[in-house]
Amino acid sequence: MSVEEYLYLIILPILALSILLIFVRFLIGPSLSDRVVALDLLVTCGTGIIAVYSIYTNQSDFLDIAMIFALIAFLGTVAFSYYLEKREKNE
Amino acid sequence: MNTVIFKSASTYLLPLLLLFSVFILLRGHYLPGGGFVGGLIASIAFIIHSAANGLEQTRSILKFHPGVLLLAGLTVALFSGISPMFIGEPFMKGLWFENPVPVIGMIGSALFFDIGVYLVVVGVTLTIIFTITETI
């Protein structure tokens, strides 16, 4: 089994399945913080898919996109936690 | 926020992200990147710093109101558009130096237009985010 086959037949399905599971958690998550963590994990899995796809298609440009994607996800999580903390203080 | 890890990480992230944004800006003519994405990354650097250390600290790093950057960026973009008219070429024609500069690559009027876009994006994003953060 070559690396391309391994990525395409095993790694990508695992990532896709995990995205589905995380999305279920995102939908049913009892509290808001569960949803924020699920959203962060969702974007992390997306970053993994972009990285695998960049190896599969042999295009290193996608890696920069994955990096910026991860950066924006980090900022989103930070902003969510910032406003969650502010809301708790106000209540 | 009072988290030690995030606070000390933001101190190192600010110069790193600014450097990365300049790299994205300079590379953007033929490869993915450019002034808009570079400006967004630079403003993300300041937003992360302000979330960790408070708005006043970030303001004291910036030294001036981010709206000034908006004006400076528009001026740079306008002059890069006007510059071909001084040698009798039409408005916004791309002018390029003959030889590439080491590290930066080819320098032309398109690069200065991109720098203008970069400054405008940083100014607009920081003005919006700072205003929102103040009102909450």
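Convention: sequence-line order gives letters A, B, ...; per-chain numbering from 1. Only heavy atoms go into these numbers, but all of them, side chains included; no hydrogens, no water, no symmetry mates.
One distance of note links CD1 of B/Ile132 with OH of A/Tyr83; it measures 6.5 Å at 0.5 Å rounding. Here the CD1-CD1 distance, from B/Ile41 to A/Ile68, works out to 4.0 Å after rounding to the nearest 0.5 Å.
Heavy-atom contacts from other residues, nucleotides or ligands closer than 6.0 Å to CE of A/Met67 number 12 or fewer. Counted within 6.0 Å of CZ on B/Phe91, heavy atoms from surrounding residues, nucleotides or ligands total more than 12; the atom is thus considered enclosed. Heavy-atom neighbours of B/Phe113 CZ from other residues, nucleotides or ligands within 6.0 Å: at or below the threshold of 12. Summarising the local packing, CG of B/Leu31 is surrounded by more than 12 heavy atoms from other residues, nucleotides or ligands at distances under 6.0 Å.
For the pair A/Leu71/B/Leu17, a side-chain contact is recorded, criterion being any heavy-atom separation below 4.5 Å from C-beta on. Considering only heavy atoms from C-beta on, A/Phe74 stays 4.5 Å or farther from B/Ile44 through its side chain.
When heavy atoms are compared at a cutoff of 4.5 Å, B/Ile129 does not approach chain A at all. Proximity to chain A (any heavy atom under 4.5 Å) is restricted, for B/Leu13, to the side chain, taken from C-beta onward.
In terms of hydrophobic clustering, with Ile, Leu, Val, Met, Phe, Trp and Tyr side chains grouped at heavy-atom distances under 4.5 Å, B/Leu19 and B/Phe23 are assigned to different clusters.
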